[in-house]
Enquirer: 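Please find one structure pasted underneath; my questions will follow.
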Amino acid sequence: QVHLVESGGGLVQAGGSLRLSCEASGRRGINYAMAWFRQAPGKEREFVACINQDGVSAYYADSVKGRFTISRDNAKNTMSLQMNSLKPEDTAVYFCAGGSMWYPNIDPIRYGYWGQGTQVTVSS
């Protein structure tokens, strides 16, 4: 059983920054590709970024490329998402996902583990 817990969400003005963290616990919690997704009210869950097992390769959605950076620290069983130059359209609940044997993988169905989500609100 793998348990993922996100933290770091909040309210920020447009142009500001936030850093999200995801902590994994449980056996083999970190031994797969991981990702961040987000879901805005009334919309489907959307891929944001993913990172491969050893953290040397990352893949981003076009909407966040150049503004967001995904990283992981396998020694600490953590993954992070640094979000800069935030826009009101980035407002959503952000979810940490893990357990994908495929990389890059933008399909939420192929992730076996999910966190509970953390709210990010960007005001204009």
Side-chain angles (χ1 to χ4, degrees):
Q1 184 73 19
V2 176
H3 188 55
L4 302 177
V5 178
E6 304 96 335
S7 62
L11 173 65
V12 64
Q13 288 188 333
S17 298
L18 280 175
R19 185 177 181 87
L20 305 182
S21 295
C22 174
E23 183 172 357
S25 61
R27 193 175 65 175
R28 303 197 306 175
I30 209 77
N31 290 346
Y32 298 97
M34 300 185 72
W36 289 96
F37 287 79
R38 66 188 181 186
Q39 189 165 17
K43 294 187 177 181
E44 293 186 353
R45 193 162 296 191
E46 175 189 27
F47 168 79
V48 175
C50 62
I51 190 165
N52 72 334
Q53 180 177 339
D54 58 15
V56 298
S57 179
Y59 182 78
Y60 298 91
D62 287 343
S63 59
V64 307
K65 199 173 296 181
R67 300 187 298 122
F68 291 9
T69 302
I70 188 173
S71 61
R72 67 191 294 171
D73 184 339
N74 288 347
K76 296 181 179 179
N77 276 4
T78 59
M79 178 179 67
S80 297
L81 184 69
Q82 177 66 41
M83 305 185 295
N84 299 329
S85 301
L86 282 161
K87 304 175 181 180
E89 51 264 43
D90 293 319
T91 295
V93 176
Y94 283 70
F95 296 90
C96 168
S100 171
M101 292 186 289
W102 294 272
Y103 175 82
N105 178 17
I106 67 171
D107 186 353
I109 295 177
R110 292 186 172 184
Y111 287 90
Y113 311 116
W114 291 87
Q116 81 289 348
T118 185
Q119 177 70 47
V120 171
T121 303
V122 184
S123 62
S124 57

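All residue numbers in this chain count up from 1 along the given sequence.
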Enquirer: Does Phe95 have Arg45 sitting over its ring (NZ/CZ under 6.0 Å from centre, angle to axis within 45°)?
Expert: yes
Enquirer: Below 4.5 Å, heavy atoms only, C-beta onward: do Val93 and Thr118 meet side chain to side chain?
Expert: no
Enquirer: Within a strict 4.5 Å, meaning less than it, do heavy atoms of the Asp90 and Phe68 side chains meet?
Expert: yes
Enquirer: Counting only N and O atoms by type, is there a donor-acceptor contact under 3.5 Å from the side chain of Arg67 to the main-chain atoms of Ser85?
Expert: yes
Enquirer: Could you tell me the separation between the OG atom of Ser80 and the NZ atom of Lys76, rounded to the nearest 0.5 Å?
Expert: 9.5 Å
Enquirer: Looking at Glu6 and Gly117, would you say the former's side chain and the latter's main chain have a donor-acceptor pair under 3.5 Å?
Expert: yes
Enquirer: Which atom names give the shortest non-hydrogen contact between Ser71 and Arg19, and what distance separates them?
Expert: OG-NH2, 3.9 Å
Enquirer: Measure the shortest side-chain to side-chain distance between Tyr59 and Ile106 over non-hydrogen atoms and say whether it is less than 4.5 angstrom.
Expert: yes
Enquirer: For Ser124 versus Ala14, what's the shortest heavy-atom pair and its separation?
Expert: CA-CB, 4.3 Å
Enquirer: Do Thr121 and Val12 come within less than 4.5 Å of each other through their side chains, counting heavy atoms only?
Expert: no
Enquirer: I need the minimum non-hydrogen distance between Leu81 and Ala49, along with the two atoms involved.
Expert: CD1-CB, 4.4 Å
Enquirer: Under a 4.5 Å cut-off applied to non-hydrogen side-chain atoms, are Asn77 and Arg72 in contact?
Expert: no
Enquirer: Salt bridge between Asp62 and Lys65, side-chain N to carboxylate O under 4.0 Å?
Expert: yes
Enquirer: Walk me through it: do Ser17 and Met83 pass the test side chain to side chain contact (heavy atoms under 4.5 Å, CB included)?
Expert: CA-CA 5 Å; Ser17 298; Met83 305 185 295; over 6 Å; no
Enquirer: Consider only side-chain N and O atoms of Ser100 and Asn105, and report whether a donor and an acceptor are under 3.5 Å apart.
Expert: yes
Enquirer: Without swapping roles, check the side chain of Thr91 against the backbone of Val122 for a donor-acceptor pair under 3.5 Å.
Expert: yes
Enquirer: How about Tyr111 and Phe37: are their ring centres within less than 6.0 Å of each other?
Expert: yes
Enquirer: Check this for me: Glu23, atom CD, are more than 12 non-hydrogen atoms of other residues, nucleotides or ligands nearer than 6.0 Å?
Expert: no
Enquirer: Quick check against the 3.5 Å criterion: does Tyr60 have a side-chain atom that pairs as donor or acceptor with the backbone of Ile70?
Expert: yes
Enquirer: Rounded to the nearest 0.5 Å, how far does OG of Ser25 lie from NE2 of His3?
Expert: 5.5 Å
Enquirer: Under 4.5 Å between any side-chain heavy atoms of Cys22 and Trp36, yes or no?
Expert: yes
Enquirer: Give, for atom CD of Glu46 and atom OG of Ser63, the distance between the pair rounded to the nearest 0.5 Å.
Expert: 5.0 Å
Enquirer: Same cluster or not: Trp114 versus Met34, using hydrophobic residues (I, L, V, M, F, W, Y) connected whenever any side-chain heavy atoms lie under 4.5 Å apart?
Expert: no
Enquirer: Nearest 0.5 Å, what's the CE-OH distance between Met101 and Tyr32?
Expert: 7.0 Å
Enquirer: Are the side chain of Asn74 and the backbone N or O of Gly55 linked by a donor-acceptor pair below 3.5 Å?
Expert: no
Enquirer: Under 3.5 Å, is there a donor-acceptor pair between the side chain of Tyr103 and the main chain of Ser57?
Expert: yes
Enquirer: Distance check, rounded to the nearest 0.5 Å: Met79 atom CE versus Leu4 atom CG?
Expert: 7.5 Å
Enquirer: For the residue pair Val64 and Arg38, establish whether any side-chain heavy-atom pair is separated by less than 4.5 Å.
Expert: yes
Enquirer: Calculate, to the nearest 0.5 Å, the distance between atoms CG and CG belonging to Leu18 and Asn84 respectively.
Expert: 9.5 Å
